[in-house]
Amino acid sequence: ALASLNSMKSELLSEALELGMASSYSQVKSTALEILPESGIAEDVAVPLFQDVLRRGTTDNKQAAFAALGSMTGAEAQKVLDFYLGNLRKGRVAPEIQLDLIEAVEKQNNPQLMEKLQAYQDSKDASNPIAANSEALYGGNPERGGRVFYTHEGAQCVRCHSIFELGGNAGPGLMGVGARLSREKLLESMIAPSAAYAAGYEVVNLKLKDGTSVAGYLQTENSQSLSIKVGEEITQVAKTDIESRTSIPSSMPPMGSILTKRELRDLVAALASLQLES
């Protein structure tokens with residue numbers, strides 16, 4: 001109803017937004033927050049409303065408040081973003097809203113704010129892909145993440161992975177993955193897929209001392225031998241027979257170059273929600 005009144009430019013919109021902001025239903029309040037910047041309400045009236053939400057609102061409301069602030073270019077909005085950007089650099093912003101703050105600053109594209117944001121980004125360990133993408137760990141929407149998994153044309157997750165037996169089998173099934181892997185490991189598997197392998201999906205190439213080679217999927221390994229699946233056959237190779245061993249990089253492309261950080265965040269949330277094996 002709020003969205004419809006907004007698209008109609010209804011004279012009742014101001015009253016409806018006031019009701020929406022007072023709603024105890026988070027999604028209604030978030031929608032009101034998203035509409036406020038384009039509703040014509042004066043910025044000096046809107047910004048204090050956003051500040052109150054950022055202090056006391058739900059995570060969804062705070063995310064919507066930052067999205068709204070990103071659309072405002074006045075000094076008051078920039079002052080609020082500057083304050084939270086300073087807190088971000090001090091580690092005082094909740095993980096669930098860090099990405100929303102960063103996106104709001106980027107949308108404003110204010111030179112002073114962008115300089116401070118760049119200093120924050122430069123302070124991260126560039127060699128650590130998790131640190132570089134830490135804002136994608138928390139605050140995502142599992143429903144949107146499910147849509148990324150099933151319908152994103154670039155990522156095409158469903159072609160190689162399955163949930164509830166729907167999807168491909170070139171990669172490991174994902175039922176229960178949220179119980180098996182931390183959010184950090186889930187994110188790592190997306191942005192650095194060759195950093196670690198699910199059991200049975202690491203492809204190794206073994207050069208043996210007798211001059212022959214064995215390449216296939218590593219099934220099990222102990223101190224004495226490796227079990228390699230070559231085609232449909234399982235081959236046992238003693239470690240004393242191996243001259244060299246190479247892991248073949250994962251065929252999965254790094255998702256950081258395909259998905260936005262917001263899409264990564266939603267996908268992490270969707271996978272983390274998969275707690276049951278069946």
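As the structure is a prediction and not an experimental result, all values here were calculated from the model.
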| field | Least distance between heavy atoms, Gln224 atom then Asn222 atom | value | N-OD1, 2.8 Å
| field | Residues Glu188 and Lys185 bridged, charged N to O under 4.0 Å | value | yes
| Sidechain-backbone polar pair: Ser30 side chain, Ser26 backbone, donor-acceptor under 3.5 Å | yes
| Do NZ/NE/NH1/NH2 and the carboxylate oxygens of Glu221 and Arg245 come within less than 4.0 Å? | yes
| field | Crowding at CD, Glu15 (>12 non-hydrogen neighbours, <6.0 Å) | value | no
| said: What I'd like to find out is whether the side chain of Gln219 reaches to under 4.5 Å of the side chain of Ile228, using heavy atoms alone. | reply: no
| Going by distance alone, is a donor N or O of one side chain under 3.5 Å from an acceptor N or O of the other, for Ser225 and Lys239? | no
| query | Should the pair Arg147-Glu143 be classified as a salt bridge under the 4.0 Å nitrogen-to-oxygen rule? | reply | yes
| Judged by atom type as modelled, is there a donor-acceptor pair below 3.5 Å linking the side chain of Glu263 to the main-chain atoms of Thr260? | yes
| Side-chain contact, heavy-atom cut-off 4.5 Å: Ile242 with Lys209? | no
| message | Does this structure show an ion pair linking Lys62 with Asp100, if we count only N-O contacts that are shorter than 4.0 Å? | response | no
| request: Verify the distance criterion only: is there a donor paired with an acceptor across the side chains of Asp122 and Gln118 at less than 3.5 Å? | output: yes
| remark: Nearest heavy-atom approach of Leu88 to Val93 is N-CG2, 3.4 Å
| field | Asn205 to Ala215 - nearest heavy-atom pair and separation | value | OD1-CB, 3.7 Å
| request: Assess whether atom NZ of Lys79 is packed by more than 12 heavy atoms of other residues, nucleotides or ligands within 6.0 Å. | output: no
| query | So, Lys261 and Asp266, do they make that salt bridge, N to O below 4.0 Å? | reply | no
| message | Is it true that Ser127 and Asp125 share a donor-acceptor pair across their side chains at a distance under 3.5 Å? | response | yes
| Ring centres of Phe66 and Phe50 under 6.0 Å apart? | no
